[in-house]
J.: 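One structure coming up, written as structure tokens, with questions to follow.
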Protein chains: 2
Amino acid sequence: MQAEVQTRRSPNGTPDRPKGDLWTRSVLDRFEPFSCAVAIPRAQAIRGRADQAEFCWRILSGCVRTVEWLGGGRRQIGAFLWPGELLGIDDGSEHCTDAEAVTEVALRRYPRRMIETAAQNDTELALWLLTMTARELSSARQHIALLGHKTAIGKIATFLLAQDRRATSFERRFVELPMSRGDIADHLGLSTETVCRNLVHLQHIGTVRLSSSGIDLRDRVGLLKLAVE
Amino acid sequence: MQAEVQTRRSPNGTPDRPKGDLWTRSVLDRFEPFSCAVAIPRAQAIRGRADQAEFCWRILSGCVRTVEWLGGGRRQIGAFLWPGELLGIDDGSEHCTDAEAVTEVALRRYPRRMIETAAQNDTELALWLLTMTARELSSARQHIALLGHKTAIGKIATFLLAQDRRATSFERRFVELPMSRGDIADHLGLSTETVCRNLVHLQHIGTVRLSSSGIDLRDRVGLLKLAVE
DNA sequence: CGTTATCTTGAAAGATTTCAACCAATGTGG
DNA sequence: CCACATTGGTTGAAATCTTTCAAGATAACG
């Protein structure tokens, strides 16, 4: 994030770099010859603990979840990733985060090791990695605030608005929710039943309308009010 | 983190870089001429939202808390920082995180803007920033798992062990806890009373011994078992 | 079309918070 | 030096939220 700001200023006559997604594309394009397309069926693992550091992926279509396993079969879902987003670019080698396909997923796989090695002698690449990592950090902190201080209904409202923001750039109002209630629960630190009940409750008060493939946001202002609780 | 690993390998004949804290020192030493010493009294703000991006600090002595304000006077304490740790090096410009002195604090203040500008043309600097940010991200994710899936006693046990790991490198067994119960509560997503009760409970079962300035860890193994709950 | 997984709903159990009070330590002014 | 105010810590009891357990409904799938 901060790197992006700096870029815009072009200190010391540094050439302007393309911003945001454009920047990502221009960086990854250099590694396109070493990449390959991957298709993963629904509910399959994209990577296990083994090839942790070997690859990273760009999501072309579908939805991905990142999963961390805790003792006792409990799991924490870090995030849901959508087309255009990157997976595994910023993971430390220590943490064992798995990634699984929520829906059928099409990916492009890049050689992470090669990218990191190249970054050793390439400032632009290093700055890009920094920007990506800082972005992740920012959203991780937001999630911490959510988990630490929000009530169930607040968590769910926040989640719906977040999905709304990222997933539907065209078709307004309707949010696809391909993940299960259990997935949402493990993302928000709730039980499946609590997610269910609150979703139904939101429908009762007319804030949303549930359907099989997703959810229709009827009252974003109402959601926003609930989201702070 | 990943950058550090790469460094050890020295791909492409890249010169080895000092690791960990040594690396941090060697990087910051370059900016020493532009730094200055700061002393902050107990309970005072180190930075507000205003000078968000202007500076970063290295903690020389004392304990610092990072605070994010949510609606309704609620606050989330992101972390407690101890001597040797850095404050504000990896914050995005968007997020409004304050920092306050838990105890009297001595700091060295560095020009963050200058560092970031320099990183635009300095790969080592950029990689160092990347390493720092990735480290933050890693611990943020650990905290997410804690907040999402651990019970009160598990959160507190985890917290005590974490403080033990970082704060006391010499004096074994005893952990200083200069922060208030309320601080701990806002860090772990609990109420003051719950923190209190569980701390007392740990004392009752002989796992710890409370004192005015901190806590004596009697049974680390026991704590470790509780920490997964 | 039957089987399985997911979603929903209800009721009871459990954990944590809230409200309220009390205690201990600290600091201040008379 | 002491009464008093203030802050942070501790404890109790009731209220609240969420989970757990259990079962039925719905949707998905071979």
Side-chain angles (χ1 to χ4, degrees), chain A residues 41-44 63 65 70 72-77 100-104 146-157 159 176-204 208-215 226 229, chain B residues 41-44 63 65 70 72-77 100-104 146-157 159 176-204 208-215 226 229:
Chain A
R42 185 178 132 76
Q44 289 288 303
C63 177
R65 62 173 175 252
L70 327 174
R74 297 202 167 287
R75 56 177 200 162
Q76 172 69 40
I77 292 188
E100 301 166 355
V102 173
T103 63
E104 279 184 29
L146 175 144
L147 291 171
H149 284 289
K150 290 193 180 176
T151 179
I153 192 72
K155 287 176 177 178
I156 289 171
F159 170 73
E176 285 185 57
L177 290 184
M179 68 291 287
S180 73
R181 304 291 194 248
D183 285 344
I184 299 175
D186 285 343
H187 179 53
L188 300 178
L190 298 169
S191 70
T192 304
E193 295 92 332
T194 301
V195 171
C196 231
R197 276 187 253 268
N198 286 98
L199 243 23
V200 170
H201 172 69
L202 286 176
Q203 185 168 32
H204 275 149
V208 305
R209 167 152 289 284
L210 302 172
S211 76
S212 57
S213 60
I215 204 171
L226 290 173
E229 287 186 10
Chain B
R42 186 177 131 75
Q44 290 287 303
C63 177
R65 62 173 175 252
L70 326 175
R74 296 203 167 287
R75 59 179 197 160
Q76 172 69 40
I77 292 188
E100 301 166 355
V102 173
T103 63
E104 280 183 29
L146 175 144
L147 291 171
H149 284 289
K150 289 193 180 176
T151 179
I153 192 73
K155 288 176 177 178
I156 289 171
F159 170 73
E176 285 185 57
L177 291 184
M179 69 291 287
S180 73
R181 304 291 193 249
D183 285 344
I184 299 174
D186 286 341
H187 180 53
L188 300 178
L190 298 170
S191 71
T192 304
E193 295 92 331
T194 300
V195 171
C196 231
R197 277 187 252 267
N198 283 287
L199 243 23
V200 170
H201 172 69
L202 285 176
Q203 185 167 33
H204 277 148
V208 305
R209 166 151 289 284
L210 302 173
S211 76
S212 57
S213 60
I215 203 172
L226 289 172
E229 286 185 12

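Just so you know, these numbers come straight off a predicted model, no measurement behind them. Just so it is clear, the values below take in all heavy atoms, side chains as well, and ignore hydrogens, waters and symmetry mates. Residue numbers begin at 1 in each chain, while the letters A, B, ... track the order of the sequences.
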J.: Could you list the residues that satisfy side chain to side chain donor-acceptor pair (under 3.5 Å) with A:Lys155, not counting sequence neighbours?
T.: none
J.: Can you tell me if B:Thr192 touches the phosphate of D:dT10, counting only side-chain N or O atoms and a distance under 4.0 Å to OP1 or OP2?
T.: no
J.: Taking all atoms of both residues into account, what is the closest heavy-atom pair of A:Gly148 and B:Gln76, and its distance?
T.: CA-OE1, 3.8 Å
J.: Can you tell me the distance, in whole Å, between the CD atom of B:Glu229 and the P atom of C:dA15?
T.: 10 Å
J.: How close or far is atom P of D:dG9 from atom CD1 of B:Ile215, stated in whole angstroms?
T.: 12 Å
J.: From the set D:dT20, D:dT11, C:dC7, return the single nucleotide nearest to any side-chain atom of A:Arg74.
T.: D:dT20
J.: Suppose we screen for side-chain contact (heavy atoms from CB on, under 4.5 Å). Which residues come up paired with B:Arg42, at least two apart in sequence or across chains?
T.: none
J.: Check the distance between D:dT10's P and B:Leu202's CG and give it to me in whole angstrom.
T.: 12 Å
J.: Please list, chain by chain and in numerical order, all residues satisfying side-chain contact (heavy atoms from CB on, under 4.5 Å) with B:Gln44, sequence neighbours excluded.
T.: B:Ile40, B:Pro41
J.: Send over the distance from A:Leu199 CG to C:dC7 P, rounded to a whole Å.
T.: 10 Å
J.: Just jot down the side-chain contact (heavy atoms from CB on, under 4.5 Å) partners of B:Glu229, sequence neighbours excluded, or say none.
T.: B:Thr151, B:Ile153, B:Leu226
J.: Given D:dT10, C:dA15, C:dT17, which nucleotide is nearest the side-chain atoms of B:Thr151?
T.: C:dA15
J.: Have a look at the helix from C:dC1-D:dG30 to C:dG30-D:dC1 and give the angle its two end axes make, five pairs each, rounded to 10 degrees.
T.: 40°
J.: Measure from NZ on A:Lys150 to P on D:dT18 and round the result to the nearest Å.
T.: 14 Å
J.: Using modelled atom types only, decide if a donor and an acceptor are shared between the side chain of B:His149 and the backbone of A:Gly189 within a distance under 3.5 Å.
T.: no
J.: Just jot down the side chain to side chain donor-acceptor pair (under 3.5 Å) partners of B:Arg181, sequence neighbours excluded, or say none.
T.: none
J.: Just how far, in rounded Å, is C1' of C:dT6 from CG of A:Leu210?
T.: 14 Å
J.: Just verifying a value: how many Å separate B:Thr192 OG1 and B:Ile184 CD1, rounded to the nearest 0.5 Å?
T.: 9.5 Å
J.: B:Lys155 NZ to C:dA15 C1': how many Å, rounded?
T.: 11 Å
J.: Can you give one letter per nucleotide of nucleotides 21-30 of chain D, going 5' to 3': B for a protein heavy atom under 4.0 Å from the base, S for sugar-phosphate only, - for none?
T.: B---------
J.: Show which side-chain atoms of residues 193-204 of chain A pair as donor or acceptor with protein atoms under 3.5 Å away, not counting sequence neighbours.
T.:
residue, atom, partner, partner atom, Å
A:Thr194, OG1, A:Ser191, OG, 3.0

J.: Could you tell me which non-hydrogen atom of A:Pro178 sits nearest to which non-hydrogen atom of A:Thr103, and how far apart they are?
T.: CB-CG2, 3.3 Å
J.: Sequence neighbours left out, what passes side-chain contact (heavy atoms from CB on, under 4.5 Å) with A:Ser211? Give chain and number order.
T.: A:Phe174, A:Ser213
J.: Figure out the CG/C1' separation between A:Asn198 and C:dT8, and round it to whole Å.
T.: 13 Å
J.: Looking at residues 180-191 of chain B, who's got a heavy atom less than 4.0 Å off DNA chain C?
T.: B:Gly189, B:Leu190, B:Ser191
